[in-house]
Engineer: 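My questions will all concern the structure given below.
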Amino acid sequence: MTSGSKLKKLLIFIITMIDKKNSVMVLASTFDDKGDWIVEQQFVLQMGSSYLLAHGIGTPLTKDAVTTVNIPADGKYQLLVRTKNWTKYWSDGSAPGIFQVLVDGKADNAEFGNGKVSWYWQKGAQYPLKKGKHTIALHDLTGFDGRCDSVILTTDASVPGDSLEDYKKVRKALIGPETPVDKGSFDFVIVGAGMSGLCAAIAAARLGCRVALVQDRYVLGGNNSSEIRVGLGGQINMAPYPSLGYILNEIGPDHIGNARGAHHYQDEKKMNVILAEKNITLFLGYTVTEVVKNGSAIASVMAVEATKQDHIKISGKLFSDCTGDAYLGVLAGAETHMGREARSEYGESMAPVKSDDYTMGVSVEWYCEDWNTPCSFPDSLDWGLKLDETTVEPVHRANWYWEVGMNDDQVADAEKIRDYGMYVAYSTFSYCKNRYSKKEEWLCTHLVWVSHVSGKRESRRIIGDLVLREQDLIRPIPYEDGTCTTTWRIDQHFPMKENALAYPKQEWISVGQLTPIDPYAIPYRCLYSKDVSNMFMAGRDISVSHIALGSVRVMRTCGMMGEVVGMAASVCVKKKALPRDIYTSYFGELQKLMRKGTGRTDVPYTQFYHQVDRTGHQAEDR
C-alpha cells in the first residue's frame, strides 16, 4: 500500500469514527443510577457489550436510569443512541420496546427503539450544551423490553456504522484503550458457573487447587438459577462410582419443576457453598472475550465486567470450558461441532442422512397466577404473534416444550432466539386476556414472571479424543475410561407438527422423542479437548454427537462431569500433567478419587429421582 493510500484510509477512519475532542460516549450499563432497568449481559460476544433492558413485563418501568456526563466544550451536540427494534423480525406493526432519552430533564422528541431490527445508531435532536456536567436519563414507555446499549453526544456530523467492527472502533476511540487488570495466576480456571462449573470448582478446590471461577452473570447455577428456572434432571450416585454426585446434592435445590417461584431454585444455597471454599476466587459478572495461548495451551483469558465494564486478565495452568456454548474453546481454537451429523459420520441410526444445522432449542420460561384482583394487559394484536383459537396454548406456565430457535443459529442468533421466546409469551398472555373465547376466566390472571435469560439445550460441542455416539449408549459399548454415569434417555426434541405448519421455521412448541438406555459411564476422553492441550470441558459442550447429547445434557449428569473434571485437574496439578495424560498415564489416580468422591455426606439428601406426566418426561426435564 502506498503512503498516499494509507493516508487516505486513515482520513476515512477519522471521519467515520467521530471526533473524540468534542464527543462523549457513555455505556448504558455504567449509568450512575440504573433505576428499574436491568443489566443484560448475555450477548456481549454477539453485539459488543452489556446493555440496559426495560423488562417490565408489559408495565412501564417506574424509575428512570440516570447518569451524569461531562461535556468538554460549549457547542451544539447531536444525540445518538444505540438501540434496536427487537420485534421487527416478526412484525411490521408498532414497536413495543420503545423509550425516551432525556437530556438535562428534557425528553427528546424521538421515540427510541422503533427503527432497525439489528443494533444501530438512532439519531435524536441537537442540544446546545455548555461545558461541564449534564444529565442523561432513559425513560421507558411500555415495559416491553426496550433496550439501550450506549449514548453519544457529539458536535461531529458523522454517524458510526452499525456493524460490530464499527461499534468496537468508535468505543475504543471515544472511551479509550481498555487495559486489563492482572488478577494473578491459578491452578485451574473455570469459565461458566452452571451446575457443571460449580461442581468442577468445588471438587478441585477441596483437593487443593487454587481455582478461579468466572461467571458472566451475578447469579450461580445456569439453567437451574432463579433467572432461568429449569429443574434438575438425571440421577446421581450411580455405579460404577456411586460417590459421584454428593457435591450436586450440596448445592442442588430441594424442589423440582420448571418456571416456579424464585425460592424454588435456592440460589443462596449454591452461593454459600462456593463462598465457603477458601481455594475458590469468584469473578461474578465477567464475560471472557479473549484468549492468549502459549503453543497449544491457554495461558490466560481476558474478561469484561457487565456494569463497570472493567477488564481483567486471569492466568492459569489448566482451564475448563463450562460455558455450554463452548465460548472458551472457540476463542482458544478448539474444533467444535454444531447441528446434526450425517448418519455416515458415526454410523448412528437416528442421525439424518445428510448433516444439517438443526439443534434443539431454547426455553424462555414464564408463569402467571390467579389473584383476587382483576387486571388488564396490553393487546398485542398490532405487533404480536398472530394467534387464534386453534393455535393458542392457554396455559398458566411455560414448560420444557415451549421451545424456540430450533432452526436458528444458537450462537449467532442468540438474542433473536431469546427475544422470540419473550415474544411468544407476551403474545400468548395478551391473546388470553383480550381475545380468547374464554377470556373471562383470565380476568384476574396476572403475568407474574417472564425470564429474560435463555434456557439453552444445545449449541456447540467441543471435540475430544473420543466422541460419544448413539450406539455407545444403546448397545451399550463400554470404555475402559468410564467416569460419571448418564441415566437420561436419549431425549431429542423436534417441532410439533401442527405448530410447525402454523409457524414454519418459527416454531415454538416441541415434542420429545425418547429412546431408552441403560445407565452408562461417560468416557473420560469426552471431557477434554483434542486440540487445546490444557483445556477440559464439562456440561452440554462435551465431546458427543448430537444424538448422544440427548442423554448427557441434563444438569445432574453435567454436575457429575464437573466433579470428575475437578478431580482430574487436581491430579494434573499434582503430577504436573495435562488432561490427556490422565487417560494415558494417571487414570488409576482419577479412579481412586472417583471412588471416594469430594462431596459431603453429612447434609440432607434431597436429590431424589422423580417421574412425571403427559409426555413421559420428568418434571425437571431439559
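Every heavy atom of this structure was used, including side-chain atoms; hydrogens, water molecules and symmetry mates were not.
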Engineer: Measure from the side-chain N and O atoms of Ser430 to the backbone N and O of Pro378, and report whether any donor-acceptor pair falls under 3.5 Å.
Structural biologist: yes

Engineer: Sub-3.5 Å donor-acceptor pair from the side chain of Asp413 to the main-chain atoms of Lys416, do we have one?
Structural biologist: no

Engineer: Does NZ in Lys313 sit with more than 12 non-hydrogen atoms of other residues, nucleotides or ligands closer than 6.0 Å?
Structural biologist: no

Engineer: With heavy-atom distances below 4.5 Å as the criterion, would you say the side chains of Trp121 and Val170 are in contact?
Structural biologist: yes

Engineer: Report the relative orientation of the aromatic rings in Phe186 and Phe283; use parallel for angles under 30°, tilted for 30 to 60°, perpendicular for over 60°.
Structural biologist: perpendicular

Engineer: Classify the side-chain pair Asn114/Lys88 by whether it contains a donor and acceptor separated by less than 3.5 Å.
Structural biologist: no

Engineer: Can a donor-acceptor pair be found, under 3.5 Å and without considering hydrogens, that links the side chain of Glu365 to the backbone of Ile228?
Structural biologist: no

Engineer: Take atom CG of Asp33 as the centre, draw a 6.0 Å sphere, and report whether it contains more than 12 heavy atoms from other residues, nucleotides or ligands.
Structural biologist: yes

Engineer: Given Phe429, which of Tyr367, Phe377, Trp449 fulfils the ring pair (Phe, Tyr, Trp, His ring centres under 6.0 Å) condition?
Structural biologist: Phe377

Engineer: What's the verdict on side chain to side chain donor-acceptor pair (under 3.5 Å) for Asp32 and Thr67, showing C-alpha distance, side-chain angles and the deciding distance?
Structural biologist: CA-CA 5 Å; Asp32 302 327; Thr67 200; 3.1 Å; yes

Engineer: Distance-only, no hydrogens or angles: does the Tyr127 side chain make a donor-acceptor pair with backbone N or O of Leu79 under 3.5 Å?
Structural biologist: no

Engineer: Under a plain distance cut-off of 3.5 Å, with no hydrogens placed, do Tyr426 and Asp145 share a side-chain donor-acceptor pair?
Structural biologist: yes

Engineer: For residues Gln46 and Trp119, is any side-chain donor paired with an opposing acceptor at under 3.5 Å?
Structural biologist: no

Engineer: Just wondering, more than 12 heavy atoms not from Lys172 lying within 6.0 Å of its NZ?
Structural biologist: no

Engineer: Do Ile190 and Val211 have side chains that get closer than 4.5 Å, going by heavy atoms?
Structural biologist: yes

Engineer: Carefully, step by step, assess Asn224 and Val230 under the rule side chain to side chain contact (heavy atoms under 4.5 Å, CB included).
Structural biologist: CA-CA 5 Å; Asn224 189 239; Val230 174; 5.9 Å; no

Engineer: Do any N or O atoms from the side chain of Asp531 and from the backbone of Glu335 form a donor-acceptor pair under 3.5 angstrom?
Structural biologist: yes

Engineer: Does some side-chain heavy atom of Arg171 sit less than 4.5 Å from a side-chain heavy atom of Gln309?
Structural biologist: yes

Engineer: Would you check if there is a donor-acceptor pair between the side chains of Ser50 and Ser29 at a distance under 3.5 Å?
Structural biologist: yes

Engineer: Do we get Arg210 above Phe188's six-membered ring, with its NZ or CZ under 6.0 Å from the centre and within 45° of the axis?
Structural biologist: no

Engineer: I'd like to know if the side chain of Lys270 reaches the main chain of Met195, judged simply by a donor and an acceptor atom lying under 3.5 Å from each other, with no hydrogens or angles considered.
Structural biologist: no

Engineer: For Ala538 and Ser196, work out which heavy atoms get closest and say how close.
Structural biologist: O-OG, 3.2 Å

Engineer: What I want to check is whether the side chains of Asp325 and Ser459 have a donor and an acceptor closer together than 3.5 Å.
Structural biologist: yes

Engineer: Under the salt bridge (charged side-chain N to carboxylate O under 4.0 Å, His left out) criterion, do Asp187 and Lys317 qualify, and how do the steps go?
Structural biologist: CA-CA 5 Å; Asp187 295 320; Lys317 299 173 184 175; 3.2 Å; yes

Engineer: Indicate whether the side chain of Asn70 and that of Thr68 have a donor and an acceptor atom separated by less than 3.5 Å.
Structural biologist: no

Engineer: Just wondering, do Tyr503 and Leu385 contact through their side chains at under 4.5 Å, heavy atoms?
Structural biologist: yes

Engineer: Within this structure, what is the CE-CG distance for the pair Met338 and Asp409, rounded to the nearest 0.5 Å?
Structural biologist: 4.0 Å

Engineer: Quick check on Asn294: does its CG atom have over 12 non-hydrogen neighbours (other residues, nucleotides or ligands) under 6.0 Å away?
Structural biologist: no

Engineer: Going by side chain to side chain donor-acceptor pair (under 3.5 Å), name the residues that satisfy it together with Arg217, two or more places apart in sequence or in a different chain.
Structural biologist: Glu227

Engineer: Using the side chain to side chain donor-acceptor pair (under 3.5 Å) rule, take Asn85 and Thr87 through it: C-alpha gap first, then chi angles, then the decisive distance, then the call.
Structural biologist: CA-CA 6 Å; Asn85 178 355; Thr87 60; 3.3 Å; yes

Engineer: Might you work through the side chain to side chain donor-acceptor pair (under 3.5 Å) test for Asp108 and Gln100, ending with a clear yes or no?
Structural biologist: CA-CA 7 Å; Asp108 195 278; Gln100 292 175 314; over 6 Å; no

Engineer: Check the orientation of Trp508 and Trp402. Use parallel for under 30°, tilted for 30 to 60°, and perpendicular for over 60°.
Structural biologist: tilted

Engineer: Can you confirm whether the side chains of Ser49 and Arg82 place a donor and an acceptor under 3.5 Å from each other?
Structural biologist: no

Engineer: Taking atom types as modelled and ignoring hydrogens, do the side chains of Gln266 and Glu268 form a donor-acceptor contact shorter than 3.5 angstrom?
Structural biologist: no

Engineer: Which atoms form the tightest heavy-atom contact between Pro60 and Asp140, and what is the distance?
Structural biologist: CA-OD2, 3.3 Å

Engineer: Using 30° and 60° as the class boundaries, would you call the ring planes of Trp383 and Tyr423 parallel, tilted or perpendicular?
Structural biologist: tilted

Engineer: Say whether, by atom type as modelled, one donor and one acceptor occur between the side chain of Trp37 and the main chain of Cys148 under 3.5 angstrom.
Structural biologist: no

Engineer: Between Glu40 and His452, is any pair of side-chain heavy atoms under 4.5 Å apart?
Structural biologist: yes

Engineer: So which atom in His446 and which in Cys375 form the shortest heavy-atom distance, rounded to 0.1 Å?
Structural biologist: CE1-CB, 3.3 Å

Engineer: Of all residues at least two apart in sequence or in a different chain, which pass the side chain to side chain donor-acceptor pair (under 3.5 Å) check with Thr323?
Structural biologist: Asp321

Engineer: Side chains of Tyr286 and Asp310: do they bring a donor and an acceptor to under 3.5 Å?
Structural biologist: yes

Engineer: Closest approach of Met25 and Tyr167, non-hydrogen atoms and distance?
Structural biologist: CE-CE1, 3.9 Å

Engineer: Would you say the side chains of Gln78 and Asp156 form a donor-acceptor pair under 3.5 Å?
Structural biologist: no

